[in-house]
Colleague: 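This is the structure I want to talk about, given as structure tokens.
The figures here come from the full heavy-atom set of this structure, side chains too, leaving out hydrogens, waters and symmetry mates.
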Amino acid sequence: MKKTKVLLIGAGGQLGSELTQGLWALHGIDNVISSDIKDPHGILKEGRFEKLDVMQKDKLFELIKTNEITQVYHLAALLSATGEQDPRWAWKLNMESLLYVLEAAHELKLDKVYWPSSIAVFGPTTPKDNTPQDTIMDPTTVYGITKLAGERWCEYFFKRYGVDVRSLRYPGLIGYKTQPGGGTTDYAVDIYFKALAEKSYGCFLSADTYLPMMYMSDAVKATIDLMESPAEKIKIRSSYNISSMSFCPTQIAAAIKKYIPDFKITCQPDFRQAIADSWPRSIDDSRARSDWGWQHEFGLEEMTKDILENLKQ
Ligand code: SER
């Protein structure tokens, strides 16, 4: 059997650096190459790192060949809020980079590929509560459009060429180790930093906006669980609904107040409110639970405790 060698693209992002560490623990630090268009920061400097612009297809293929890569995790993308600043570029970057990775998987015979989708694939006429796996998908952001199209491409490469591609529709991801970049759910990260630094937070979503969210350690666990499951258990080759909690700004503020009693939140919705309003309030992830045994660990209370304790240090 070939030795597992992993390439992670977009390692400098919010999920990337934590997933890199999860992959080090699983495969050994020498068997994981993290890459990003930017120079490595923090923990990434401790492992193997290659600077990579994923739009340079030749360099991507070369990197895979010279390092005998067997699995690619492709996380690089423009998110929902930044995508709206330059829709044409978001389309080009998110779609072409995925196609390069899928082509590499097919042509260079990779064992597996991971690519994240998002709750942004859903839209205003999707059922909002307990959103099913198979339902109406009418995304309104360019980010959501690229994720929906990307899901179709993943399934296409699986059915047509047998590429073992796996994917999750992440909810908002919340961590404290790396700052997020340009998402609509990012308020739920910023709020912890501001709560500790200033005891107040001005939120860009309205107080009662419910969104599906997940703590970073659960996101890393879900991703690795999915990728390590036997192929026959992966019945969905577009992307799996995945979930652990849903809350609104009022509820996360209340959870923080248990530790910082004089914390105050004010809400002044901006353009991101319309994006949030088009997304589900909660997600039905029963297929992930029954197909490959997904189980989450963190709810709002446990997450808040963990983040505030760690950030205080
Ligand atoms: N967290 C992402 C965003 O807000 C959703 O996938 O853009």
Colleague: Who else is in the cluster with I37 when I, L, V, M, F, W and Y are joined by side-chain contacts under 4.5 Å?
Modeller: none
Colleague: Is it true that a side-chain atom of T209 and a backbone atom of L205 form a donor plus acceptor pair closer than 3.5 Å?
Modeller: no
Colleague: Is the backbone N or O of A81 less than 3.5 Å from a side-chain atom of Q85, with the two atoms forming a donor-acceptor pair by type?
Modeller: yes
Colleague: Treating Q273 as the side-chain partner and S206 as the backbone partner, does any N or O pair qualify as donor plus acceptor under 3.5 Å?
Modeller: yes
Colleague: Applying side chain to side chain contact (heavy atoms under 4.5 Å, CB included), run through L148 and T146 and close with a yes or a no.
Modeller: CA-CA 6 Å; L148 178 52; T146 65; over 6 Å; no
Colleague: Can a donor-acceptor pair be found, under 3.5 Å and without considering hydrogens, that links the side chain of T135 to the backbone of T126?
Modeller: no
Colleague: When you compare the side chain of V165 with that of L102, does any pair of heavy atoms fall below 4.5 Å?
Modeller: yes
Colleague: Give a yes or no on whether K159 atom NZ has more than 12 heavy-atom contacts from other residues, nucleotides or ligands under 6.0 Å away.
Modeller: no
Colleague: To the nearest 0.5 Å, what is the distance between CG (L7) and CZ (R48)?
Modeller: 10.0 Å
Colleague: Looking only at heavy atoms, what is the nearest atom pair of L173 and A219, with distance?
Modeller: CD2-CB, 3.7 Å
Colleague: Aromatic rings Y187 and F247: how do their planes relate, parallel, tilted or perpendicular, breaks at 30° and 60°?
Modeller: perpendicular
Colleague: Measure from NZ or CZ of K57 to the centre of the six-membered ring of F61 and say whether it is under 6.0 Å with the direction within 45° of the ring axis.
Modeller: yes
Colleague: Distance check, rounded to the nearest 0.5 Å: M214 atom CE versus L15 atom CG?
Modeller: 11.0 Å
Colleague: Does any part of the side chain of Y143, heavy atoms only, come nearer than 4.5 Å to the side chain of L78, both counted from C-beta?
Modeller: no
Colleague: For I69, does its backbone N or O pair with a side-chain atom of N67 as donor and acceptor, under 3.5 Å?
Modeller: no
Colleague: Judged by modelled atom types alone, do T4 and T70 share a side-chain donor-acceptor pair under 3.5 Å?
Modeller: no
Colleague: Indicate yes or no for a side-chain donor-acceptor contact from D218 to the backbone of E297 under 3.5 Å, with no hydrogens or angles considered.
Modeller: yes
Colleague: Give the ring-plane orientation class for W294 versus W292, where under 30° counts as parallel, over 60° as perpendicular and anything between as tilted.
Modeller: tilted
Colleague: Would you say the side-chain atoms of S282 and N130 include a donor-acceptor pair closer than 3.5 Å?
Modeller: no
Colleague: Please lay out, stage by stage, how D164 and R237 fare under the test salt bridge (Lys or Arg N to Asp or Glu O under 4.0 Å).
Modeller: CA-CA 8 Å; D164 187 350; R237 295 295 182 158; 2.6 Å; yes
Colleague: Between K305 and E302, does any side-chain N to carboxylate O distance fall below 4.0 Å?
Modeller: no
Colleague: Can you tell whether the side chains of D36 and K38 come within less than 4.0 Å, N to carboxylate O?
Modeller: no
Colleague: Have S239 and S167 got a donor and an acceptor in their side chains that come within less than 3.5 Å?
Modeller: yes
Colleague: Quick check against the 3.5 Å criterion: does S117 have a side-chain atom that pairs as donor or acceptor with the backbone of S238?
Modeller: no
Colleague: Please report the closest heavy-atom contact between I191 and A188, naming both atoms and the distance.
Modeller: CG2-O, 3.7 Å
Colleague: For K147, is there an ion pair with E151 - N to carboxylate O distance below 4.0 angstrom?
Modeller: no
Colleague: For salt bridge (Lys or Arg N to Asp or Glu O under 4.0 Å), just list the numbers for D291 and R287, CA-CA rounded to whole Å, side-chain angles, deciding distance to a tenth of an Å, and then say yes or no.
Modeller: CA-CA 6 Å; D291 284 3; R287 288 296 307 272; 3.1 Å; yes
Colleague: For the residue pair M303 and I174, establish whether any side-chain heavy-atom pair is separated by less than 4.5 Å.
Modeller: yes
Colleague: Please walk me through it: do V113 and V101 pass side chain to side chain contact (heavy atoms under 4.5 Å, CB included)?
Modeller: CA-CA 8 Å; V113 171; V101 169; 3.8 Å; yes
Colleague: Would you say the side-chain atoms of K112 pair up with the backbone N or O of M227, donor to acceptor, closer than 3.5 Å?
Modeller: yes
Colleague: Could you report the tightest heavy-atom contact between I242 and R169, atom names first, then the distance?
Modeller: CG2-O, 3.3 Å
Colleague: State, with a plain yes or no, whether a side-chain heavy atom of L60 is found less than 4.5 Å away from one of L52.
Modeller: yes
Colleague: Could you go through the side chain to side chain donor-acceptor pair (under 3.5 Å) check for S80 and T184 one step at a time?
Modeller: CA-CA 6 Å; S80 61; T184 301; 2.8 Å; yes
Colleague: If we ignore hydrogens and angles and just use 3.5 Å, is the side chain of S244 paired with the main-chain N or O of M213 as donor and acceptor?
Modeller: yes
Colleague: Write down the atom of T131, the atom of N241, and the distance for their closest heavy-atom approach.
Modeller: O-ND2, 3.0 Å
Colleague: Please determine whether salt bridge (Lys or Arg N to Asp or Glu O under 4.0 Å) holds for the pair K59 and D53, giving the CA-CA distance in whole Å, both sets of side-chain angles, and the decisive distance to 0.1 Å.
Modeller: CA-CA 8 Å; K59 180 141 189 235; D53 174 356; over 6 Å; no
Colleague: Output, in order, the C-alpha distance, side-chain angles, deciding distance and verdict of side chain to side chain contact (heavy atoms under 4.5 Å, CB included) for S229 and I234.
Modeller: CA-CA 7 Å; S229 291; I234 312 302; 3.8 Å; yes
Colleague: Compare all side-chain heavy atoms of M55 with those of K92 and state whether any distance is below 4.5 angstrom.
Modeller: yes
Colleague: About how many Å separate CG of N94 and CH2 of W89, when rounded to the nearest 0.5 Å?
Modeller: 9.0 Å
Colleague: Provide the closest heavy-atom pair for L300 versus Y192 in the form atom of the first, atom of the second, distance.
Modeller: CD1-OH, 4.1 Å
Colleague: What distance separates W279 CH2 from S118 OG, expressed to the nearest 0.5 Å?
Modeller: 5.5 Å
Colleague: Hydrophobic side-chain clustering at under 4.5 Å (ILVMFWY, transitive links): who's grouped with I136? Put none if nobody.
Modeller: none
Colleague: In terms of heavy-atom contacts, does CD of E68 have more than 12 from other residues, nucleotides or ligands at under 6.0 Å?
Modeller: no
Colleague: Enter the distance from Q71:CD to L23:CG here, rounded to the nearest 0.5 Å.
Modeller: 8.0 Å
Colleague: So, T178 and S17: side-chain donor and acceptor under 3.5 Å apart, yes or no?
Modeller: yes
Colleague: Which heavy atom of V220 sits nearest a heavy atom of G22, and at what distance?
Modeller: CG1-CA, 4.3 Å
Colleague: Under a 3.5 Å threshold, yes or no: a donor from one side chain and an acceptor from the other, between Y215 and D306?
Modeller: yes
Colleague: Please assess F157 against L99 for the test side chain to side chain contact (heavy atoms under 4.5 Å, CB included), listing each intermediate value before the final yes or no.
Modeller: CA-CA 10 Å; F157 270 75; L99 285 170; 4.2 Å; yes
Colleague: Does a side chain donor of either Y170 or T223 reach within less than 3.5 Å of an acceptor in the other side chain?
Modeller: yes
Colleague: Using a 4.5 Å cut-off on heavy atoms from C-beta on, say whether the side chain of L308 contacts that of L196.
Modeller: yes
Colleague: Between atom NZ of K235 and atom OH of Y240, what is the distance when rounded to the nearest 0.5 Å?
Modeller: 7.5 Å
Colleague: Kindly confirm or rule out a cation-pi arrangement of R166 over Y114, judged by NZ or CZ under 6.0 Å from the six-membered ring centre and within 45° of its axis?
Modeller: no
Colleague: Between side-chain atoms of residues 248-263 and protein atoms elsewhere (two or more places apart, or another chain), which donor-acceptor pairs fall under 3.5 Å?
Modeller:
unit_1: T250; atom_1: OG1; unit_2: A207; atom_2: O; d: 2.9
unit_1: Q251; atom_1: OE1; unit_2: Y210; atom_2: OH; d: 3.4
unit_1: Q251; atom_1: OE1; unit_2: C248; atom_2: N; d: 3.2
unit_1: Q251; atom_1: NE2; unit_2: Y210; atom_2: OH; d: 3.2
unit_1: K258; atom_1: NZ; unit_2: E301; atom_2: OE1; d: 3.1
unit_1: K258; atom_1: NZ; unit_2: E301; atom_2: OE2; d: 3.3

Colleague: Looking only at side chains, do H74 and S97 share a donor and an acceptor under 3.5 Å apart?
Modeller: yes
Colleague: Can you establish whether the number of heavy atoms outside Q268 located under 6.0 Å from its atom CD is more than 12?
Modeller: no
